[in-house]
4 protein chains.
Amino acid sequence: MRLKDEHKLNAIIRATLELTNEKGLAGIRMSDLAKRAGIATGSLYTYFEDKQNLLLSVNRSVRSTAARYLRHQFREEDTLEHRLEHTVKRYVDYVGEHREAILFADLLKRSPYMTEAASQETMDHFQFLLDMVEEGQQSGMIRTGDPEELLHVMDSIVKAMVDFQLFHGRPYTKNIQQRTWGIVRSALIG
Amino acid sequence: MRLKDEHKLNAIIRATLELTNEKGLAGIRMSDLAKRAGIATGSLYTYFEDKQNLLLSVNRSVRSTAARYLRHQFREEDTLEHRLEHTVKRYVDYVGEHREAILFADLLKRSPYMTEAASQETMDHFQFLLDMVEEGQQSGMIRTGDPEELLHVMDSIVKAMVDFQLFHGRPYTKNIQQRTWGIVRSALIG
Amino acid sequence: MRLKDEHKLNAIIRATLELTNEKGLAGIRMSDLAKRAGIATGSLYTYFEDKQNLLLSVNRSVRSTAARYLRHQFREEDTLEHRLEHTVKRYVDYVGEHREAILFADLLKRSPYMTEAASQETMDHFQFLLDMVEEGQQSGMIRTGDPEELLHVMDSIVKAMVDFQLFHGRPYTKNIQQRTWGIVRSALIG
Amino acid sequence: MRLKDEHKLNAIIRATLELTNEKGLAGIRMSDLAKRAGIATGSLYTYFEDKQNLLLSVNRSVRSTAARYLRHQFREEDTLEHRLEHTVKRYVDYVGEHREAILFADLLKRSPYMTEAASQETMDHFQFLLDMVEEGQQSGMIRTGDPEELLHVMDSIVKAMVDFQLFHGRPYTKNIQQRTWGIVRSALIG
DNA sequence: TATGAATGAGTCTTCATTCAT
DNA sequence: GATGAATGAAGACTCATTCAT
């Protein structure tokens, strides 16, 4: 793919996220998507096979961007709690600054567009988080239970916190990081 | 003359919840809804003005049923923690046994069908929960912060726990109540 | 038919004329008609076989009422011009006071509801007018040409005059009679 | 890319006039319209926003075509009567040759599709006729009265004459022009 | 006989996808 | 490859007519 195309691809992704935010997932029309991305409707089909394929691709892009954002090279001496705290806060940050992407991914997950394969693929991106939780459980720091379940809870707390903030029109600010970590920490560690 | 039928109304509500679960909110067709409810398509319009009105009505029904389920007359000597625990467990129970209703409400909340008015109306049903949280904050038991925010977090934890359970095909069992209360308790009390 | 039914029949006719005036012929719903007439929708079908039958019946009623209004026993010595003038003025009067009925009949005539038979039946009501025109032509007073054609022209002039008046919101007043007769007289006599 | 086509637009207009003639205004189905015009149903909506918009556009087209047909550059020395006669005869001609268009416009005028704005727009096309009538009144040639009213009468006489002819299955022939002008002349001049 | 809820065929309109240019 | 007009299969909604009460 040439650079020019890369540009358009990004324009399509951005348009998808924006429109989902404005009108919900069901409200997205291919024609609107194209207009917003600055291309012709028909051109969408040179990039994606169909609408489902487009949405799943956007989803993949969003997920991998998020995973890349969360990964971090820690130093040898960083404690697990330190690493967890850093990761959670970073996640809060990501959700706050990319709420459009998060909303999109959440809506897509529950929609008829989602497939089993795509769902599994998503999990793979976040394997390192699972590893972290398991490590915590082995050392006795994190409460027992299915690590995936705890991750799920963690995820939902972060989203609930940021959502609440933004839903009420308050801008995203860094101090939510601290509050959220406080709650997540208690929830995980008990 | 045939009388408008409470029975049929319930059939419509049930059909809506079932179909939403199977195909998502966007996948609901009025014709399918009617078929599932055992009536003619046109008949839906003797009960509801249009599709939006139908969905919001189902939502209202679901919410008020849930609120009724959660309310409980406590005895004078019940401590706040006892009352909280009882309420949370009951909520877990409700979510577990009515996950179709819960999924429907969650999807509708994010959909273009939702209106500001209907959204506000929903909150009113759960005022008593807010009161409980505030009481806990005044006595120093519950961590500080916007009570609505904490409620939101509580809600999302419960749903995350049950969702996870059911998503993995495991049946809903009472022991999730205990685990969930453990996490919620930690999250709220810190 | 009993008196009570006669009442309802009139109510239906009145409702039909009113609604046609308000919403046009195509905008008439059987349910609205019934509501306006103060009866149940289903009851319409005990009076008329179907919608077309109802509309044609109303038309028949309107036409015969008009014909009855126009007929007049003239004295032996009344000249043809006197009789013509009297009839035209009376027609102006009728159109002015029953514009709803006139509009209804005009719309129905052009609609898919009209049948050949009903159309012919209408003409019969006004045979006496044709006779009058023919008499005038034989005496050389009225210009030559197909009598039916002249009647048609006369009819359209009267309606045009009254329509214009009412369309512009001016109330119907008797002086339109004089103006209209002036024009019709010139048109017929040349 | 295919370009929006003047040709197709004309096909749609023609189809609309034809179908209105065959089935009345209320009997027009978008699907039939498309079939008759030789395009797909959905394509109608690339040319017109909705059914009302389509009908009003056809009306606009019909009206302006008629107005264009009636306008004529007269010579300095042409008397008013000559100009009137020429215009009326031309109008007879137009009505005779475009009775479908005339019927359509008449039906639309009385239908729920008509709007106040579209109605006013129509009048503007025929301002030059009003001017002619007023000029005749000032010179004492045409009888007194609201010019618009006289125009209305003139219009209705012409339509009545042609309608009668065609309704009885007789072909349109030029000699109707003479007969109609005779009547209109008498009616206007008195 | 009166009622008005129920029916379902019929209509307008939308929109993912195709395709001529 | 890009364009956006064209397509036609849905889907929401209407309303004349039927029918259980």
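All of these numbers come straight from a predicted model, not from anything done at the bench. Residue numbers start from 1 in every chain, and the chains themselves are labelled A, B, ... in the order their sequence lines are given, proteins ahead of strands.
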What does [X] touch in the nucleic acid at a heavy-atom separation under 4.0 angstrom: a base, only the sugar-phosphate, or nothing?
| X | answer |
| --- | --- |
| D:Tyr47 | sugar-phosphate |
| C:Ile28 | sugar-phosphate |
| D:Leu44 | nothing |

Minimum-distance nucleotide (side-chain atoms of A:Ile39 versus F:dT3, F:dT17, E:dT14):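 Nearest to the side chain of A:Ile39 among the choices is F:dT3.
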Between [N] atom [atom2] and [X] atom [atom1], what is the distance in whole Å?
| X | N | atom1 | atom2 | value |
| --- | --- | --- | --- | --- |
| C:Asp32 | F:dA16 | CG | C1' | 13 Å |
| B:Leu19 | F:dG11 | CG | P | 13 Å |
| D:His7 | F:dA6 | NE2 | P | 12 Å |
| B:Lys35 | F:dA12 | NZ | P | 12 Å |
| D:Leu33 | E:dT13 | CG | P | 12 Å |
| D:Arg29 | F:dT14 | CZ | P | 19 Å |
| B:Asp50 | F:dG11 | CG | P | 18 Å |
| A:Leu54 | E:dT17 | CG | C1' | 13 Å |

Closest-nucleotide 5' rank along DNA chain E - winner of B:Gly42 and C:Ala40: C:Ala40
Are any of [X]'s side-chain N or O atoms less than 4.0 Å away from OP1 or OP2 of [N]?
| X | N | result |
| --- | --- | --- |
| B:Lys8 | E:dA6 | yes |
| D:Ser43 | F:dA5 | no |
| B:Thr46 | E:dA6 | yes |

More than 12 heavy atoms from other groups under 6.0 Å of NZ on B:Lys109: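 More than 12 heavy atoms, drawn from other residues, nucleotides or ligands, come within 6.0 Å of this atom.
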Residue matched to E:dT21 through Watson-Crick or wobble contacts both under 3.5 angstrom: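 Base partner found: F:dA2.
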Side-chain (D:Lys51) to main-chain (D:Tyr113) donor-acceptor, under 3.5 angstrom: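 Not at all, since once roles are kept as given, no pair shorter than 3.5 Å links the two residues.
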CE on D:Met114 to CG on D:Asn59, rounded to 0.5 Å: 4.5 Å
Nearest-nucleotide 5' precedence on DNA chain F, B:Thr41 against A:Thr41: A:Thr41
Most 5' of C:Ala26 and B:Tyr113 on DNA chain F, judged by nearest nucleotide: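 The residue whose closest nucleotide sits nearer the 5' end is B:Tyr113.
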Check against salt bridge (Lys or Arg N to Asp or Glu O under 4.0 Å), A:Asp106 and B:Arg110: CA-CA 10 Å; A:Asp106 272 2; B:Arg110 301 274 167 152; 5.8 Å; no
A:Thr20/A:Leu55 under side chain to side chain contact (heavy atoms under 4.5 Å, CB included): CA gap, chis, key distance, verdict: CA-CA 10 Å; A:Thr20 303; A:Leu55 294 177; 5.7 Å; no
